[in-house]
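Before any comments, here is the structure.
Every chain is numbered from 1 and lettered A, B, ... according to where its sequence line falls, protein lines coming before strand lines.
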Amino acid sequence: MLEDEYQLDYFLENGFVRKQCSKCGKHFWTRDLERVTCGDAPCDPYSFIGNPVFKKKFDLAEMREYYLNFFEEKGHTRLERYPVIARWRDDIYLTIASIADFQPFVTSGQVPPPANPLTISQPCIRLSDLDAVGRSGRHLTTFEMMAHHAFNKKGEEIYWKDHTVELCDELFNSLGVDPLAVTYKEEPWAGGGNAGPCVEALIGGLEVATLVFMDLKQSKDGDISIKGDNYRKMDNYIVDTGYGLERFVWASKGSPTIYDAVFPEIVNELMDLAGVSHELDNSEYANILAQNARLAGLMDISEKANLFELRKQVASSIGTTVEKLSSIMEPVETVYAITDHTRCLTFMLADGIIPSNVKAGYLARLVLRRTLRMMKDMGITVPLSDIVRMHINNLPEYPEFGEKFDVIQDILEHEERKFGETLERGKRMIKKSAKHYKESGQSMPLESIIEMYDSHGIPPEISKEAASEVGVAVDLPDNFYSLVAEGHSKAEAKEEKVFPYAERVAKLPKTKKLFYDEPTRMNFEAVILDVFDNHIVLDSTLFYPEGGGQPADYGTMVIEDVLHNVIDVQGVDGVVVHIIEESEDEFHIKKGDMVQGHVDEERRMAHACHHTATHIVNDAARKVLGGHVWQAGAQKSVDRARLDISHYKRISLEELNQIELIANRTVMENQRVIAEWMDRIDAEKKYGFGLYQGGVPPGSTIRVLKVADDIEACAGTHCTSTGLVGPIKMLKTERVQDGVERIEYAAGLAAVRATQEMESYLSQAADALRVRPEHLPSTIDRFFNEWKEFKKENQRLKDDLAHVHVLQMANEAVNIADMRLVAKCIPNADIDELVKIAGELTTSEDMVVLLASDAGGVKIVGAAGEDALKAGADAGKIVRAMSQVVGGGGGGKPAMARGGGVDASKIDEALAAGQSLLGDQLNN
RNA sequence: GGGCUUGUAGAUCAGUUGGAAGAUCGUCGCCUUUGCAAGGCGAAGGCCCAGGGUUCGAAUCCCUGCAAGUCCA
């Protein structure tokens, strides 16, 4: 990055000098002529602890308000925060920075910003330094990034570097910061495909703000190289600042840790619950925490070795041992982490993340389970929701949290119970396998501990604990989690489907879409703009291209008196491409030809019904299940549609019935379906991000569709009023992921057909049992019970029959070498009968039994009594040999074997062969 | 989106190379006991998740589906 980028007039005119840090070598700007270090840790240790840098103390609400108000007075428009779950992004799950609110469409210049310049305090969640939270004294999973942004275009500059630094500097001045204590360090920034110069504002060793001047974007042919990637200048350039709200509050209070500054009441309450005495008034204790935070500021403690190093340094600086220090620090750190994590959960759940085993939901569960584990370690037994309640009470600025508390509580209880069950199950498994290893005199292999974690979610510490209860010791290596990661094969890069002819299509003008204005018209005329094999582009069309879960229209096109079937329609950047069935005539189609198009009306109407029904069902589901319900996907077809929604429990039959009733009521209200093209920003302001349930459409204007109470951005074709949807019939629910339920339903004629189909199953079943459908449940119940009775009865009869056979057959035995043999065919007997007879006969110890039956081919059973076994009889071998005779196979144990074959005519031959083989066995 | 694990009695789980479906707890009956805890004897209770396939034969092997658990991006 060029040095020139940082030669700001503001610095030069306000007594700043550019220096190079004597420790890290980076350049920085300061008013302090004596200063030799850049002001950032580790070059400068924290000096603000116990020595606040502002003239007064602020809490979160006061600080946030001060900041936003300051920038409002400087001509910025204040914006409401965005959710912590990045609904409008498909590349990240969580909102990780204020600028994320405006990516990708505002930052790329496609969509104008909601205000310019603007200021916002955006709650953000970053889980990348999870291990450091609580320990470092400064890391948080959840923080608010206060920011002012200006979006500049060539010729339309709001403000750029000078004014940005000036505003920052003024803010510090107004807060009473000593001007000599502020440094601005040069630190080129790159991330998320963009880059630019950047200065970090540092006070007392703490980085309190980052001022990014984003004016580069990643590009293969770019002429500027940063960290190995090529970038080039953008037409627009953006002021992207980030001021850490929590750090400001910390700096204003100078408390030993950021946690004691941000949520002191909750920290204290949890310390009490954990039985940890946390007296910051005690100067000795406060000094330990302060010293820990100061030194932690100098290093990255996410690695265990570094944590130990930190302990060593802190211990020596206050004159104690590492063990003693650890015993003081660990409980305190854990409580800090619990306080932080529960605040994170508060934001996550209140903003509608449903804990799950995939996607953002997994992140929520990760935090949740970590928290529960730590609470258990600390002996905190209150429900998680009690702690979340504390946070909600502590954040009155977010009244929406309180409104959602009931659902949050329900989710938390559900999750706590689930985790408890998982741990119980896991402990049983561990104990079982530990016992196994103990008995065989082995130690517990690490692989099984890894498997317990990877496949069953049992934390290694819990595995170790459970194993030691059985008396098996387990060594846990420091790099346990990286060993887990090693076991995972790298995910394959998925192949992106590339549309053929995409480049040529891109050069064509956007197709005029007639189906929005005239949803009921099915015939049209148009002109061919271009043809690629069987792909046809028109100037205008009534054909709906696949999109938004709605499949493409089919139909026909008459070109030069030849009829072509349209078998697919795709949209490529606003250009509609019609794909016709391949035929020999297609070679005659050329640019400029007139086309008479006809859309398959039945297919279109079925799609429209299902699409409108989807909006109705979505709304009904929210009304029945709760406001946390969020569309996670949808697909329509001619005969059914499905809607995936976020929900933390299985949908019960009662709930599904309720949804069905409400949906059909909405239909009968016969409300007009209203679609209007709106400015994206206006639409977002008016309706919120609920608009994007079905996905985020690109562009500065979006089509807002109102179906009864449901308002969404939607580009599909719809019925003109809800009444035209016809009946909506729920078909089934399915759990596609933990936390995501799929509802399947049919609408319109498809619903009638689906109902008819169900009824026909019902009447067929009823006919088969010769009862009326309403008697089916009781009749089936009776039949099933009777069937079980008969089965048992059958078993008893076979036993009796076998017994009768046994009495007869014992007399028929022939003597072979001191043993007795019964070799006989019992016609029609099934294999179980043969087994029973043979089993009973061989209770006589000198008996060998060879039985056959012609039921279903040939069945053979052989058995030998104790003495016969000792004498060398092996029923397994005999039966195998006999089975080969009848064209099959068999085997078993010497005492009991079975086999069979297909050729019933050779049964006698097989019995004879068996007898002779037995003779051989006994004589040897 | 990818990976791994699991569906057997009311509950928790065994079930070997494919060859007679089991244990423990719980339930019920009887016995022992002043009573309780406990003990003894016995019994009931299984579409071995569903559907295909391989095989003479499948709880067991293969495929598909359904249900559930879990790790990661």
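- Straight-line distance between the C1' atoms of B:C13 and B:A50: roughly 22 Å, to the nearest whole Å.
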Quiz item: Pairs counted as Watson-Crick or G-U wobble with both distances under 3.5 Å: what dot-bracket string results for RNA chain B, using | for bases tied to another strand?
Solution: (((((((..((((.....[..)))).(((((.......))))).....(((((..]....)))))))))))).
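- Only the P atoms considered, B:C36 is 14 Å distant from B:C28, to the nearest whole Å.
- Checking the phosphate oxygens (OP1, OP2) of B:A20, a side-chain nitrogen or oxygen of A:Lys893 falls inside 4.0 Å.
- Across the interface with RNA chain B, nearest-nucleotide mapping of A:Glu451 and A:Ile860 shows A:Glu451 to be the residue nearer the 5′ end.
- Salt-bridge annotation for A:Lys877 and A:Asp920: absent, with no side-chain N of the basic residue lying under 4.0 Å from a carboxylate O of the acidic one.
- Out of B:C66, B:U70, B:U12, the shortest distance to the side chain of A:Thr422 is found at B:U70.
- Look at A:Lys432 and you'll find a side-chain N or O under 4.0 angstrom from OP1 or OP2 of B:A14.
- B:U60 sits 16 Å from B:C47 when the P atoms are compared, rounded to a whole Å.
- Between A:Phe790 and A:Trp787, the ring center distance fails the sub-6.0 Å criterion.
- On the P atoms, B:A23 is 14 Å away from B:A9, given to the nearest whole Å.
- No option in A:Glu655, A:Glu734, A:Glu741 other than A:Glu741 meets the salt bridge (charged side-chain N to carboxylate O under 4.0 Å, His left out) test with A:Arg650.
- In terms of phosphate contacts, A:Lys788 brings a side-chain nitrogen or oxygen within less than 4.0 Å of OP1 or OP2 of B:G46.
- B:A67 and B:C56: their P atoms are spaced 35 Å apart (whole Å).
- Counting only heavy atoms from C-beta on, A:Val358 has its side chain closest to B:G1 among B:A67, B:G1, B:U70.
- Atom C1' of nucleotide B:A68 and atom CZ of A:Arg650 are separated by 10 Å, given to the nearest angstrom.
- Using a 4.0 Å heavy-atom cutoff across all strands shown, A:Glu421 reaches no nucleic acid atom at all.
- Considering only side-chain atoms of A:Lys792, the nucleotide from B:C13, B:C66, B:G45 that sits closest is B:G45.
- Exactly one residue among A:Arg642, A:Lys636, A:Arg640 makes a salt bridge (charged side-chain N to carboxylate O under 4.0 Å, His left out) with A:Glu744. That residue is A:Arg640.
- Among the atoms of the strands shown, base atoms are found under 4.0 Å from some heavy atom of A:Lys359.
- Side-chain atoms of A:Asp846 and A:Ser844 form no donor-acceptor pair, as typed in the model, at a separation below 3.5 Å.
- Contact detail for A:His414 and A:Tyr648: the closest heavy-atom pair is CE1-O, 3.1 Å.
- Spacing of P atoms, B:A11 relative to B:A73, comes out at 36 Å, to the nearest Å.
- Close to B:U6, at under 4.0 Å from its OP1 or OP2, lies no side-chain N or O of A:Ser455.
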Quiz item: Checking side-chain contact (heavy atoms from CB on, under 4.5 Å) for the pair A:Lys836/A:Gln795: CA distance, chi angles, key distance, verdict?
Solution: CA-CA 11 Å; A:Lys836 280 196 196 321; A:Gln795 201 62 47; 3.3 Å; yes
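- Within 3.5 Å, a donor on the side chain of A:Asn357 pairs with an acceptor on the base of B:U70, or the reverse.
- Spacing between atom CG of A:Asp832 and atom P of B:G57 amounts to 14 Å, rounded to whole angstrom units.
- Atom CD of A:Glu415 sits about 5.5 Å away from atom CG of A:Leu368, to the nearest 0.5 Å.
- Taking side-chain N and O atoms only, A:Arg425 has no distance below 4.0 Å to OP1 or OP2 of B:G69.
- Between A:Glu789 and A:Glu840, the residue whose closest nucleotide on RNA chain B is further toward the 5' end is A:Glu840.
- Nucleotides B:C61 and B:U70 have their P atoms positioned 25 Å apart, rounded to a whole Å.
- Ion pairing between a basic and an acidic side chain is recognised when a charged N comes within 4.0 Å of a carboxylate O; A:Arg425 and A:Glu421 show no such pairing.
- B:A14 sits 15 Å from B:G46 when the C1' atoms are compared, rounded to a whole Å.
- The A:Met896 side chain lies nearest to B:A20 when the options are B:C13, B:C56, B:A20.
- At the phosphate of B:G57, neither OP1 nor OP2 sits under 4.0 Å from any side-chain N or O atom of A:Lys859.
- Within the structure, every side-chain polar atom (N or O) of A:Arg898 is placed at least 4.0 Å from both OP1 and OP2 of B:A20.
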